Amino acid sequence: MKHFSLPKDGGLIETDLPRGILHSFERISTEIHDDSTVGSEKIAAIIVKAISDHAKSGLPRPFKLGLTTGATPVSVYKILARKYREGEVSFSNVEIFSIDEYYPCAASSPQSRNRRLHEAFLDLVDVPRENVHIPDGTVPQEKVSDYCAEFDKAARGLDLLVIGVGEGGQVGFNEAGTSPKSQTRVVLLSYQSRKRQSRNFNGDVSVTPKSAITIGVGTMMSARRIILMAWGEDKAAVVNRIVEGDMDPSCPASFLQMHDNITFFTDEMSASLLTRRVAPWMVGPCEWTPKLIRKAVVWLCHKVGKPILKLTQQHYLENSLGELLDLHGPFDKINIDVFNEFQHTITGWPGGKPNADDSTRPVKSSPFPKKVLIFSPHPDDDVISMGGTFIRLVHQGHDVHVAYETSGDLAVHDDVVLQHLDTANQLGFADEFDKVRYVISSKKPGEPEPKELLALKAAIRRSEARSACRSFGLNVDSNVHFLNLPFYESGGVTKFPRTQVDIDIIKDLLKEIKPDQIYMAGDLADPHGTHRVCTEAALEAIEQLKAEGETWLDDSTIWLYRGAWMEWELWRVDMAVPLSPDELIEKRHAIFRHLSQKDIVPFPGDDPREFWQRAEERTQNTARLYDELGMAEYQAFEVFLKLK
């Protein structure tokens, strides 16, 4: 299965650039790869070579390898298991040290780090059981300190430590305030960490362990070599802090800057805030494409606090943009060209304006009306992420279809199900309340939800999506499609792998509608998340259809939107759809139809606001940024990237 990454458009010319210059802003040398799959392949190759080199060295002891669990290393473990099956590596002389475990927690618990590491990796290779060392979450409290001291002695001097970093800069369960000399110990987990970990406990923070055993930063520092990993744009801020910031106890991973043999592996999205990506012209020579020029001008406007047409030659020269002036100047020409580019992204006609001069518009005027297909990973992403544009496309007369790719059943709270059943009973329908309440009470944390309960939750979400579409006039019987892609239906947070079955479902719908415009989620925040899987499945479906001779796709345009958490950077924007105050309210009302997602959302992330609040703040902030560049002032903008 192929993996999606955003197309590159200019940037630092790294070929033959001395490493000292390339990494000049970095306190930990960082390798940036196109996506997590490419980065994971590189890490796996390093692990295999290190094991091989150790075997050739003739040392009598096993190779000591430190590993972590969680979503970040999953792709590395899959690759290592494949290399083992293909005979490329053996782990028979490898000693594995897992760096943490919930406490208290039995190894057999579905949520235990022990069990997850075995299922993801250890059970798939030939590591001798006696060579596996995972902190024991069942040690009695009166003995746990002595146990941790013994574990620490064994875990010191690892040949290679491979670990991911948390959104707050955690390594293992080393929280903010950790000492750089810390050793293996029991730690209390912060509320934020427990909230993140609660995704493994059906979203219930109350049953998520309050403490854990973790090796310390000082123990990690004793490793001969360290590899850090981070994938996805939700890690971008902490990657920047670890790689380019000062050492800070509130960001424990930053202490690893002191290690003399450490490399940070990232993908493009997690590295997006590093200087060599944010302002590559400050590092070295660049390939100056139109998008990179636009990026530089936006950056300069924010840096000096001026709109585009008030930038001077001195502004460019004083901020490392002399090369841009030399190659594409003078400065006033750059200003006018970029200003016009941004003006031309703005359109009130996302489906194209009929009988209009479309030479500078982002969307062609014909055909009109267009057939439009909006892919929505969950049953509310459409109205949250691009609700204003969705509504406008419908009101402007286009044949708009929406495809909800997954059921979204896990995001319905149990109480909401009971409320719906009580409503049905009060209306005179069958009384199933006590039956379902019993099913809910019998659930076990970490285990898949009962299928009969998931069916009810999926039905609730379908009815909400239909109601939202009905609120602005879409025919819900002919133009609303529920795909229920099988990869999602695991009953738990960990999903099934994406398969050809998922892709075929999407292909059938595409062939049925033959859309002129396709909208899909461009969120890459979580490399193993639903949005990414859905987008990759849709893109692969399109690629397969093209290979099968579906020539109508040559004239179809793909537009990418973002979700409730992040927005496209301005320099990437190809289409900006302005929303009036009334349109913003109409979008809000469509979001409100998703009642199960209000107030008690099981998986809200770190942002406590409701989805409509996040969406409005995001779109209004985009309008403010356009205004700061010198564009006309609008209430809000929904923005899109055109995938070529």
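Remember, predicted model here, so these are calculated numbers, not experimental data. Heads up: numbering here begins at 1 and tracks the sequence.
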Self-check item: Residues that Ser250 engages under side-chain hydrogen bond (donor to acceptor under 3.5 Å, both in side chains), provided they are two or more places apart
Solution: Arg241, Asp248
Quiz item: Do Ser109 and Gln111 meet the criterion of a side-chain donor-acceptor pair at a distance under 3.5 Å?
Solution: yes
Quiz item: What residues form a ring pair (Phe, Tyr, Trp, His ring centres under 6.0 Å) with Phe151, not counting sequence neighbours?
Solution: none
Self-check item: With sequence neighbours excluded, residues passing ring pair (Phe, Tyr, Trp, His ring centres under 6.0 Å) with Phe487
Solution: none
Exercise. Mind jotting down which residue pairs meet the salt bridge (charged side-chain N to carboxylate O under 4.0 Å, His left out) criterion with at least one end in residues 214-224? Sequence neighbours excluded, please.
Key: Asp159-Arg224
Quiz prompt | Contact list for residues 93-104, test salt bridge (charged side-chain N to carboxylate O under 4.0 Å, His left out), sequence neighbours left out | solution = Asp100-Arg113
Quiz item: Quick one: side chain to side chain contact (heavy atoms under 4.5 Å, CB included) partners of Arg194, sequence neighbours excluded?
Solution: Leu189, Val205, Thr208, Lys210
Quiz item: For Asn261, which residues count as a side chain to side chain contact (heavy atoms under 4.5 Å, CB included) partner, sequence neighbours excluded?
Solution: Arg225, His259
Quiz item: Tell me the salt bridge (charged side-chain N to carboxylate O under 4.0 Å, His left out) pairs involving residues 124-144, sequence neighbours left out?
Solution: Asp123-Arg129
Quiz item: Partners of Ser179 by side-chain hydrogen bond (donor to acceptor under 3.5 Å, both in side chains), sequence neighbours excluded?
Solution: none
Practice problem: With sequence neighbours left out, write down each residue that passes ring pair (Phe, Tyr, Trp, His ring centres under 6.0 Å) with Tyr561, or none if nothing qualifies. | Solution: none
Practice problem: List for me each residue that meets ring pair (Phe, Tyr, Trp, His ring centres under 6.0 Å) alongside His23, sequence neighbours excluded, and say none if there are none. | Solution: none
Exercise. Please name all residues satisfying side chain to side chain contact (heavy atoms under 4.5 Å, CB included) with Ala541, sequence neighbours left out, ordered by chain then number.
Key: Ile503, Ile506, Lys507, Leu510
